[in-house]
Amino acid sequence: MAAPKGWTVSPARAVGGLEPGERASAEFTVTPPADGQPGEAVLTGTARYRAAGEDHVAAQRAALRTCRPRPRARPGPAICPG
């Protein structure tokens with residue numbers, strides 16, 4: 001999982017190898033920097049594999065919106081830009 005500079009991804013490790021016919025899934029926690037600005041960020045998950053004697057790469061990108069936290073005096077959801 002790749003995230004923008006300053007973001008953290010945990011666990012920050014590869015899933016590992018699989019035998020033919022096996023499946024795997026992984027969950028990651030992605031955290032923006034504490035001093036980050038609201039806006040859009042792109043995360044990219046990448047899988048590398050070998051099939052029929054050839055190397056392949058599959059990638060999936062996802063855009064997400066980051067928001068400012070609501071001030072403590074005003075309960076409710078975060079404040080997101082337009």
Side-chain angles (χ1 to χ4, degrees):
M1 176 69 66
K5 183 177 178 181
W7 290 52
T8 58
V9 177
S10 60
R13 62 177 173 74
V15 172
L18 300 173
E19 294 298 320
E22 285 187 310
R23 293 179 184 215
S25 63
E27 292 186 23
F28 299 91
T29 299
V30 181
T31 307
D35 61 350
Q37 296 297 313
E40 187 174 276
V42 176
L43 306 176
T44 305
T46 305
R48 291 175 178 79
Y49 62 98
R50 187 166 183 82
E54 295 183 15
D55 293 328
H56 299 272
V57 177
Q60 180 68 46
R61 294 168 42 119
L64 58 98
R65 181 184 293 182
T66 58
C67 305
R68 285 192 329 257
R70 185 173 287 279
R72 292 185 190 264
R74 298 176 61 198
I79 302 168
C80 291

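Counting from 1, the numbers follow the sequence of the chain as shown.
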Q | Closest heavy-atom pair and its distance - A41, W7 | A | CB-CZ2, 3.5 Å
Q: Identify the two heavy atoms, one from P4 and one from V42, that lie closest to each other, and give their separation to 0.1 Å.
A: CD-O, 3.6 Å
Contacts under 3.5 angstrom, residues 44-52 side chains, donor-acceptor by atom type, not counting sequence neighbours:
from, atom 1, to, atom 2, distance (Å)
R50, NH1, D55, OD1, 2.8
R50, NH2, G53, O, 2.8

Q. Who are the salt bridge (Lys or Arg N to Asp or Glu O under 4.0 Å) partners of D35, not counting sequence neighbours?
A. none
**Q.** More than 12 heavy atoms from other groups under 6.0 Å of CD on Q37
**A.** no
Q | Heavy-atom side-chain contact between P11 and F28 under 4.5 Å | A | yes
